[in-house]
Visitor: 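Would you mind keeping the following structure in view while I ask a few things?
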Amino acid sequence: MNDIFEGLPFKPADILLPRDCDLSLWSVVACDQYTSRPEYWQRVEDRVGQAPSTLRLILPESCLEGPSVETDIMEINSNMSRYLREGRFQEYPDALIYVERTLSNGGVRRGLVGMVDLEQYDYEPGSKAAVRATEGTVMARIPPRVAVRKNAPIELPHAMLLADCNDIIPPLSSQTGEMELLYDFDLMEEGGHIKGWLLTEKQKEQTAQAIQAWKVWADRERDGLLFVVGDGNHSLAAAKECYERRKGLTDPSQWPELPSRYALCELVSFYDGSVELEPIHRVVFGVKPEELLDALMRYYPSVVQGRGEGHVLPFAINRWSQGEITVKEPAAQLPVDTLQRFLDDYVAANPRARIDYIHGEEEARQLAQEREDAVAFLLPPPDWQELFDAIVRDGVLPRKTFSVGRAQDKRFYLEARKIRK
């Protein structure tokens with residue numbers, strides 16, 4: 001490991017990239033997307049066929065509660081081991097990869113693939129760690145992800161860290177001529193295009209110096225907060241849990257060398273210009289729409305129909321029926337928090353009801369239109385000009401508050417790293 005990154009929460013990793021395969025079939029979108037669209041994953045399945053693919057190395061979230069989930073996890077681990085035996089990967093030791101992702105709207109999101117030190121990451125509210133979660137962690141969602149990761153020989157990242165600093169990643173965009181181009185291809189299902197370059201030793205030193213300088217400022221001015229988790233909060237929380245379990249079985253002197261201490265991720269500049277924070281909408285299934293809306297009206301004493309002063313909660317039932325409900329003088333800071341408090345209590349009292357968290361307003365509307373037992377709540381775009389200050393001041397935000405980009409623009413699986421010796 002490179003000493004210039006000693007003590008920093010983000011550093012180079014021994015990165016695995018696939019070889020001798022079609023990268024457009026290898027790379028698939030993050031597993032927590034299209035959870036209510038099994039036809040999406042079926043299209044990907046049909047397209048990939050028998051080709052080597054990360055589709056064989058991940059478990060889509062829509063399958064987490066399936067009847068064969070344990071068998072699926074065993075097959076995933078077997079595929080990982082087989083790909084390693086077959087020499088499917090080429091390893092780039094102590095590497096950082098500069099990434100340019102052309103999104104579906106034509107914008108370019110710039111990032112840096114490396115690994116986060118889980119000793120310097122914490123998802124608990126009120127944490128003083130250098131890397132913190134942005135949203136509340138749903139503890140019930142961690143065990144299934146731990147089950148996928150705990151015996152896996154490799155990891156594939158979809159976690160994305162955000163840095164509100166222009167000195168770490170932006171300077172690299174003008175230095176690609178000095179780097180080795182590692183990949184350059186189109187992503188499937190309107191995922192855009194991706195290019196990646198290997199940083200030189202000089203560029204790694206430049207990056208370490210920029211992170212160190214930003215850390216000094218953050219320690220002084222921002223209660224030590226350096227990076228926040230923009231995407232993959234639960235994925236990173238599961239990695240943390242696996243590491244903590246491994247620590248309990250390992251002599252403390254060996255903790256720094258544990259592969260599980262680190263998690264591969266992408267660091268993205270928050271002020272890159274292409275980082276769009278989108279609201280995550282709620283679609284409630286298994287309900288009678290009128291009864292659900294009546295329950296919401298009764299839940300808050302100050303609620304009124306239509307748009308007013310307070311937290312406005314737009315909803316859609318089908319293509320003809322939509323409206324707004326306003327909670328006046330809300331106790332919560334954000335509309336998403338006001339809505340989520342009601343939904344949590346409603347689902348607890350109505351076991352047949354189920355909430356799905358949907359990226360994209362049109363997708364949420366369409367799901368409500370297709371089902372007679374569904375209501376879509378359409379949340380407003382978040383205002384994140386003071387995101388980092390809000391995390392320092394208030395701790396984590398409500399769970400599933402925002403998403404970095406639309407579903408097709410989420411991180412695609414591509415790189416990997418060994419997490420077991």
Side-chain angles (χ1 to χ4, degrees), residues 1-13 94-99 109-137 157-172 199 203-237 239-240 243-244 255-256 261-273 275 277 384-397 401-402 404 411 417:
M1 188 174 297
N2 203 321
D3 289 340
I4 60 175
F5 286 87
E6 185 69 30
L8 297 180
F10 183 81
K11 55 190 63 186
D94 196 38
L96 289 174
I97 298 177
Y98 169 66
V99 175
R109 187 174 67 219
R110 297 167 177 85
L112 192 61
V113 177
M115 63 185 185
V116 60
D117 182 356
L118 297 175
E119 280 286 355
Q120 300 191 57
Y121 155 76
D122 195 355
Y123 57 83
E124 294 289 347
S127 167
K128 303 299 182 183
V131 183
R132 304 176 199 174
T134 46
E135 303 174 327
T137 301
H158 74 261
M160 189 181 297
L161 307 185
L162 297 178
D164 64 333
C165 171
N166 284 321
D167 299 328
I168 301 173
I169 298 171
L172 297 172
L199 265 65
Q203 290 161 343
K204 287 194 292 184
E205 182 176 355
Q206 163 190 309
T207 300
Q209 291 172 348
I211 296 176
Q212 181 61 53
W214 195 244
K215 184 177 185 301
V216 169
W217 179 87
D219 288 343
R220 184 181 66 247
E221 302 290 340
R222 193 185 274 156
D223 198 29
L225 176 61
L226 196 60
F227 307 131
V228 299
V229 183
D231 257 353
N233 276 288
H234 290 88
S235 173
L236 214 52
K240 175 80 168 182
Y243 169 52
E244 293 296 334
W255 290 354
R261 173 170 172 158
Y262 305 94
L264 208 59
C265 61
E266 181 177 352
L267 180 65
V268 174
S269 175
F270 185 70
Y271 298 113
D272 179 70
V275 176
L277 300 187
W384 297 118
Q385 293 301 311
E386 298 182 353
L387 172 65
F388 285 76
D389 290 339
I391 297 296
V392 172
R393 183 181 64 248
D394 303 327
V396 296
L397 304 171
T401 297
F402 70 89
V404 180
R411 199 169 199 288
R417 186 181 74 92

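In what follows, residues are counted from 1 in the order of the sequence shown. Remember, predicted model here, so these are calculated numbers, not experimental data.
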Visitor: Could you check whether any side-chain heavy atom of F10 comes within less than 4.5 Å of a side-chain heavy atom of V131, counting everything from C-beta outward?
Guide: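 Contact flag for F10/V131 side chains = no.
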Visitor: Is the shortest side-chain N to carboxylate O distance from K240 to D122 below 4.0 Å?
Guide: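 Judged by the 4.0 Å cut-off on N to carboxylate O distance, K240 and D122 do not form a salt bridge.
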Visitor: Look up atom CG in L118 and atom CD in E244, then write down how far apart they are to the nearest 0.5 Å.
Guide: 8.5 Å
Visitor: So Q206 and L172, side-chain contact (heavy atoms from CB on, under 4.5 Å) or not? Walk me through it.
Guide: CA-CA 9 Å; Q206 163 190 309; L172 297 172; 3.7 Å; yes
Visitor: What I'd like to find out is whether the side chain of C265 reaches to under 4.5 Å of the side chain of V113, using heavy atoms alone.
Guide: no
Visitor: Indicate yes or no for a side-chain donor-acceptor contact from R132 to the backbone of L226 under 3.5 Å, with no hydrogens or angles considered.
Guide: no
Visitor: Where do Q212 and L8 land on the side-chain contact (heavy atoms from CB on, under 4.5 Å) test, with the steps shown first?
Guide: CA-CA 7 Å; Q212 181 61 53; L8 297 180; 3.2 Å; yes
Visitor: Checking R261 side chain against D117 main chain: does a donor-acceptor pair fall under 3.5 Å?
Guide: no
Visitor: Enter the distance from R411:CZ to D231:CG here, rounded to the nearest 0.5 Å.
Guide: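 The CG atom of D231 is 10.5 Å from CZ of R411, to the nearest 0.5 Å.
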Visitor: Where do L96 and P12 come nearest, in terms of heavy atoms and distance?
Guide: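 Smallest heavy-atom distance, with atoms named: CD2-CA, 3.7 Å.
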Visitor: Could you go through L112 and V99, starting from their C-alpha distance and side-chain angles, then the distance that decides it, and tell me whether this counts as side-chain contact (heavy atoms from CB on, under 4.5 Å)?
Guide: CA-CA 6 Å; L112 192 61; V99 175; over 6 Å; no
Visitor: Just wondering, do R222 and D164 contact through their side chains at under 4.5 Å, heavy atoms?
Guide: yes
Visitor: Give me the atom names and distance for the closest heavy-atom approach of C165 to P170.
Guide: O-CD, 4.3 Å
Visitor: Would a distance-only check, ignoring hydrogens and angles, find a side-chain to backbone donor-acceptor pair under 3.5 Å from K204 to D94?
Guide: yes
Visitor: Using side-chain heavy atoms (C-beta onward) and a distance below 4.5 Å, is I168 in contact with T207?
Guide: yes
Visitor: Would a 4.5 Å heavy-atom cut-off, applied to side chains only, mark I211 and F227 as touching?
Guide: yes
Visitor: Evaluate the side-chain proximity of E266 to L161: yes if any heavy-atom separation is below 4.5 Å, no if none is.
Guide: no
Visitor: Tell me if a side-chain donor or acceptor on T134 pairs with a main-chain N or O of V229 at a distance below 3.5 Å.
Guide: yes
Visitor: Where do S127 and A129 come nearest, in terms of heavy atoms and distance?
Guide: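 Scanning both residues completely, I find the closest heavy atoms to be OG-N, 3.0 Å.
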Visitor: Checking side-chain polar atoms at under 3.5 Å, does Y243 have a donor or acceptor matched by the opposite partner on E119?
Guide: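 Side-chain D/A pair, Y243 to E119: present.
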Visitor: Considering only NZ, NE, NH1 and NH2 on the basic side and carboxylate oxygens on the acidic side, decide whether K128 and D223 come within less than 4.0 Å.
Guide: yes
Visitor: Can you find a pair of side-chain heavy atoms, one from H158 and one from S235, that are under 4.5 Å apart?
Guide: yes
Visitor: At what distance, to the nearest 0.5 angstrom, does CD of Q209 lie from CD1 of I4?
Guide: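 If we round to the nearest 0.5 Å, Q209:CD and I4:CD1 are 7.5 Å apart.
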Visitor: Are Y262 and R417 side-chain neighbours, meaning at least one heavy-atom pair lies under 4.5 Å?
Guide: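 A side-chain contact under 4.5 Å exists here.
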Visitor: Determine the interplanar angle of the Y121 and Y123 rings, folded into 0 to 90°, and report it as parallel if under 30°, tilted if 30 to 60°, perpendicular if over 60°.
Guide: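 Ring orientation, 0 to 90° scale: tilted.
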Visitor: Tell me the closest heavy-atom pair linking S269 and N166, and the distance in Å.
Guide: OG-OD1, 3.8 Å
Visitor: For the pair D219 and W214, evaluate side-chain contact (heavy atoms from CB on, under 4.5 Å) and give the outcome as yes or no after the intermediate values.
Guide: CA-CA 9 Å; D219 288 343; W214 195 244; over 6 Å; no
